[in-house]
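For reference, positions follow the sequence shown, starting with 1. Just so it is clear, the model here is predicted, and its values are computed rather than measured.
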Amino acid sequence: MPKSMTAFVTQKYNHEHYELIWELHSVNHRYLEVKFHVPEVFSDLEPELRKQLKARLHRGKITCRLHYHPSIGATSEIQINSKRLENLAALRQQIMTVMPDIASGSVTELLNFPGTLIANGTDYTDSKKHALDLFEQSLTGLIEIREREGADISKVLQQRVDLIEVELAKIHQMRPSIINKQKEKLEQRLESIKADIDESRISQEIVFHLQKLDVAEELDRLQIHCDEIKRLLRQAAVIGRRLDFLLQECNREANTLAAKSADADSTHAGINIKVTIEEMREQAQNIE
């Protein structure tokens with residue numbers, strides 16, 4: 001079953017001395033793009049976190065944010081990184097020289113800037129281990145949500161394929177009648193201008209034009225593409241790009257089908273197919 005690329009999950013871990021919160025947000029994207037936002041003391045975990053994520057996800061724009069909150073009773077001495085604050089103050093002064101009307105910012109905003117506070121005597125070994133474990137749980141939760149939404153999208157796509165096949169069956173049924181009508185029109189047109197044209201040449205011209213107007217090839221290709229889409233929807237693999245390609249091909253065949261339509265009924269069926277394909281393309285953009 002295909003997976004969606006849209007999901008959001010949050011997981012918490014409460015410890016005696018701190019609280020960890022992972023927030024994972026996933027949206028559709030052509031490739032896999034990952035961004036981590038973690039406190040500075042956890043930055044060394046990022047290579048392992050990326051490795052975990054890339055082993056389980058293949059497409060989507062993923063934002064991973066870790067919140068670390070020491071408990072009120074935690075015993076660690078917090079100190080100010082004076083050099084860091086001096087650098088920030090100098091940068092702020094330069095900015096205000098160029099933009100004097102800009103807000104200068106509060107002390108709280110400065111303290112929240114990475115590296116301005118230093119926690120002495122704090123051992124983060126335990127919290128880092130729990131951060132890794134919690135991330136794996138969060139990633140599992142994200143994948144479960146993507147799978148559930150992917151199952152729903154798959155049902156919608158299957159319904160749309162069924163609608164296309166209904167329209168294809170209608171055109172197949174109308175095809176002999178359409179060919180006869182086209183033949184009659186061609187014969188009448190040629191009858192009015194044939195003059196001294198040889199009868200066999202007229203027959204050849206009629207056959208040639210009927211072959212050009214016949215939609216059998218487009219109907220067959222659309223059916224083949226529908227069969228392949230249904231096969232893909234039964235797979236658990238990454239199918240998004242393949243599905244998008246097939247729908248582009250379906251759209252190309254549907255355009256040719258519409259261009260060859262010879263009466264109102266076949267034109268209406270062709271339009272229905274084109275609209276349904278477009279609906280499928282919108283849904284497929286979110287498939288991994």
Side-chain angles (χ1 to χ4, degrees), residues 1-15 18-69 124-162 225-248 279-288:
M1 192 67 66
K3 298 184 185 70
S4 167
M5 286 189 282
T6 302
F8 174 79
V9 69
T10 179
Q11 295 276 1
K12 294 183 180 181
Y13 175 78
N14 289 307
H15 188 271
Y18 56 85
E19 178 186 58
L20 293 170
I21 302 174
W22 270 112
E23 293 178 356
L24 273 59
H25 183 215
S26 170
V27 296
N28 61 329
H29 196 271
R30 185 168 179 81
Y31 304 102
L32 180 63
E33 180 180 318
V34 185
K35 289 186 178 181
F36 280 95
H37 301 277
V38 301
E40 194 170 4
V41 293
F42 292 90
S43 60
D44 60 319
L45 297 180
E46 188 169 330
E48 177 59 27
L49 295 170
R50 285 185 178 274
K51 181 180 177 181
Q52 284 188 36
L53 191 146
K54 289 184 176 181
R56 303 180 67 184
L57 297 178
H58 303 88
R59 288 184 71 199
K61 185 175 182 179
I62 320 295
T63 303
C64 307
R65 194 178 302 274
L66 175 63
H67 301 277
Y68 174 79
H69 303 299
Y124 289 98
T125 303
D126 180 72
S127 57
K128 287 181 179 181
K129 177 182 180 303
H130 288 301
L132 285 171
D133 294 341
L134 188 63
F135 179 76
E136 185 175 359
Q137 296 173 28
S138 303
L139 187 56
T140 298
L142 189 79
I143 292 172
E144 289 174 352
I145 295 172
R146 285 166 57 123
E147 287 175 344
R148 287 198 298 270
E149 186 169 326
D152 292 337
I153 295 174
S154 181
K155 290 177 183 177
V156 172
L157 291 173
Q158 180 63 62
Q159 292 169 357
R160 297 295 186 272
V161 173
D162 293 342
H225 294 331
C226 285
D227 292 339
E228 179 64 12
I229 289 171
K230 289 187 289 185
R231 187 188 70 81
L232 284 178
L233 293 176
R234 292 192 295 268
Q235 293 184 356
V238 178
I239 67 167
R241 293 180 192 170
R242 174 67 176 166
L243 184 60
D244 184 61
F245 170 77
L246 282 172
L247 289 171
Q248 289 182 42
E279 291 173 348
M280 293 178 68
R281 291 183 72 180
E282 290 177 4
Q283 293 285 350
Q285 294 302 312
N286 203 37
I287 291 290
E288 183 182 45

Walk me through whether R160 and E279 qualify under salt bridge (Lys or Arg N to Asp or Glu O under 4.0 Å). CA-CA 8 Å; R160 297 295 186 272; E279 291 173 348; 2.9 Å; yes

Spacing of [X] atom [atom1] and [Y] atom [atom2] [to the nearest 0.5 Å]:
X: Y68; Y: L20; atom1: OH; atom2: CG; result: 7.5 Å
X: E288; Y: I143; atom1: CD; atom2: CD1; result: 8.0 Å
X: I153; Y: R148; atom1: CD1; atom2: CZ; result: 13.0 Å
X: E282; Y: L247; atom1: CD; atom2: CG; result: 11.5 Å
X: E147; Y: D152; atom1: CD; atom2: CG; result: 12.5 Å
X: I62; Y: K54; atom1: CD1; atom2: NZ; result: 11.5 Å

Are [X] and [Y] side-chain neighbours, meaning at least one heavy-atom pair lies under 4.5 Å?
X: L24; Y: T10; answer: no
X: K61; Y: N28; answer: no
X: M280; Y: Q283; answer: no
X: P2; Y: L233; answer: yes
X: Y124; Y: D44; answer: no
X: V9; Y: E23; answer: no
X: H58; Y: L32; answer: no

With no hydrogens and no angle check, is any side-chain donor or acceptor of [X] less than 3.5 Å from a backbone partner on [Y]?
X: S26; Y: M5; value: yes
X: R146; Y: K3; value: no
X: R65; Y: H25; value: no
X: E19; Y: K12; value: no

Of all the heavy-atom pairs spanning [X] and [Y], show the shortest one and how long it is.
X: F8; Y: L142; answer: N-CD1, 4.0 Å
X: C64; Y: L53; answer: SG-CD1, 3.7 Å
X: R59; Y: R241; answer: NH1-N, 3.6 Å
X: P39; Y: L66; answer: CD-O, 3.3 Å

Verdict with supporting geometry, L243 and I229, side chain to side chain contact (heavy atoms under 4.5 Å, CB included): CA-CA 7 Å; L243 184 60; I229 289 171; 3.9 Å; yes

Is it the case that N286 and E149 place a side-chain donor and acceptor less than 3.5 Å from each other? yes

Classify the side-chain pair R56/T140 by whether it contains a donor and acceptor separated by less than 3.5 Å. yes

Show me, pair by pair, the donor-acceptor contacts under 3.5 angstrom made by side chains of residues 131-138, not counting sequence neighbours?
unit_1: D133; atom_1: OD2; unit_2: K129; atom_2: NZ; d: 3.2
unit_1: S138; atom_1: OG; unit_2: L134; atom_2: O; d: 2.8

Stepwise side chain to side chain contact (heavy atoms under 4.5 Å, CB included) check, S127 with F42: CA-CA 9 Å; S127 57; F42 292 90; 3.7 Å; yes

Do the ring planes of Y13 and H15 sit parallel (below 30°), tilted (30 to 60°) or perpendicular (above 60°)? tilted

Mutual orientation of the aromatic rings belonging to H130 and Y18 [parallel < 30°, tilted 30-60°, perpendicular > 60°]: tilted

Would you say NZ of K128 has more than 12 non-hydrogen atoms from neighbouring residues, nucleotides or ligands within 6.0 angstrom? yes

Got a sec, which residues hit side-chain hydrogen bond (donor to acceptor under 3.5 Å, both in side chains) with Q158, two or more places apart in sequence or on another chain? D162

What residues form a side-chain hydrogen bond (donor to acceptor under 3.5 Å, both in side chains) with E33, not counting sequence neighbours? H29

With the threshold set at 4.0 Å, does a side-chain nitrogen-carboxylate oxygen contact exist between K230 and D227? yes

